[in-house]
Novice: 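One structure, pasted below without further comment.
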Amino acid sequence: LYDKSIIAYTLSRKNDNQLVLDTLSKAFESVQMNERLNLILHSDQGYQFTSHLYTECLSQNNVIHSVSYKGSCVDNVPIESWFSALKTEAIYLYKQLSEERMIQVVSDYVIDYNEERLQEQLKDLEKRVEALEKETETCCKIEITINSENESLKKIEELTKKLDEISKKIAESNKAA
């Protein structure tokens with residue numbers, strides 16, 4: 001379990017090997033190889049997840065395959081919980097959904113889930129907080145060193161540019177979080 005975000009999804013009319021492989025392909029495109037070291041992917045014993053194509057794809061992408069015991073969904077609790085939330089918070093709100101509308105509802109839900117909903121475990125949240133604290137500390141040091149009466153206009157402009165850059169980084173970090 002990394003950070004509870006959905007890194008890839010694919011919608012299909014069929015629950016088959018192609019659906020699973022397409023989703024894996026999207027996931028591998030979005031997560032660099034070095035970030036997959038020691039990554040464990042849990043699945044149930046469905047035929048798509050026990051097929052040679054699936055296990056070969058995981059192996060080629062340095063992903064360790066973990067299959068839950070028959071009748072046990074403990075390893076899959078996070079995604080099962082997510083599917084339950086998707087259905088109750090988005091899909092079941094509609095009496096009828098066209099295929100096009102279903103695709104939009106799922107897409108909107110994933111975006112909301114990943115970007116808007118507060119999660120207890122977000123990607124590198126601790127690292128982001130530390131980085132922001134360091135940037136804030138740097139801002140304070142820069143502000144303290146400015147003495148507009150003794151500094152030349154050029155120095156003040158340089159420091160202002162640095163503050164603007166730091167402010168942009170902080171804003172970007174806040175958007176990402």
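Below, each value reflects all heavy atoms present in this structure, side chains not excepted, and no hydrogens, waters or symmetry copies.
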Novice: Tell me whether Y94 shares a hydrophobic cluster with L11, the cluster being built from Ile, Leu, Val, Met, Phe, Trp, Tyr side chains joined at under 4.5 Å.
Specialist: yes
Novice: On a heavy-atom basis, which atom in Y54 and which in S43 lie closest, and how many Å separate them?
Specialist: OH-CB, 4.1 Å
Novice: Determine yes or no for a side-chain-to-main-chain donor-acceptor pair under 3.5 angstrom, with S59 supplying the side chain and T55 the backbone.
Specialist: no
Novice: Would you name the heavy atoms of Q60 and M33 that are closest together and state the gap between them?
Specialist: O-CE, 4.1 Å
Novice: Please confirm whether the backbone N or O of S84 pairs with a side-chain atom of T88, one donor and one acceptor, at under 3.5 Å?
Specialist: yes
Novice: What's the spacing between Y92 OH and L97 CG if we round to 0.5 Å?
Specialist: 11.5 Å
Novice: Cluster question for you: counting only ILVMFWY and a side-chain heavy-atom cut-off of under 4.5 Å, with indirect links fine, are I103 and L19 together?
Specialist: no
Novice: Check for a donor-acceptor pair, side chain of D112 on one end and backbone N or O of D108 on the other, with a separation under 3.5 Å.
Specialist: no
Novice: Drop me the distance from L58's CG to L53's CG, to the nearest 0.5 angstrom.
Specialist: 11.0 Å
Novice: State whether the side chain of S12 and the backbone N or O of K14 hold a donor-acceptor pair below 3.5 Å, judged by distance alone.
Specialist: yes
Novice: Atom CD of residue position E100 - does it have more than 12 heavy atoms of other residues, nucleotides or ligands inside 6.0 Å?
Specialist: no
Novice: Just how far is it from atom CD1 of I64 to atom CG of L39, taken to the nearest 0.5 Å?
Specialist: 7.5 Å
Novice: Where is the tightest heavy-atom contact between I91 and M102, given as atom of each residue plus distance?
Specialist: CD1-SD, 3.9 Å
Novice: Nearest 0.5 Å please: distance from the CH2 atom of W82 over to the OH atom of Y9.
Specialist: 8.0 Å
Novice: Test side chain to side chain contact (heavy atoms under 4.5 Å, CB included) on N61 and L24 and set out the steps.
Specialist: CA-CA 10 Å; N61 287 280; L24 281 179; over 6 Å; no
Novice: Quick one: are the ring centres of H65 and F49 less than 6.0 Å apart?
Specialist: no
Novice: Which residue in the set T10, L21, I7 passes side-chain contact (heavy atoms from CB on, under 4.5 Å) when paired with K26?
Specialist: T10
Novice: I need the minimum non-hydrogen distance between Y109 and E89, along with the two atoms involved.
Specialist: OH-OE1, 2.9 Å
Novice: Taking N114 for the side chain and I6 for the main chain, is one N or O donor matched with an acceptor at less than 3.5 Å?
Specialist: yes
Novice: How many angstroms lie between CG in L93 and NZ in K87, if you round to the nearest 0.5 Å?
Specialist: 14.0 Å
Novice: Minimum heavy-atom separation for A27 to A8, with atom names?
Specialist: N-CB, 3.4 Å
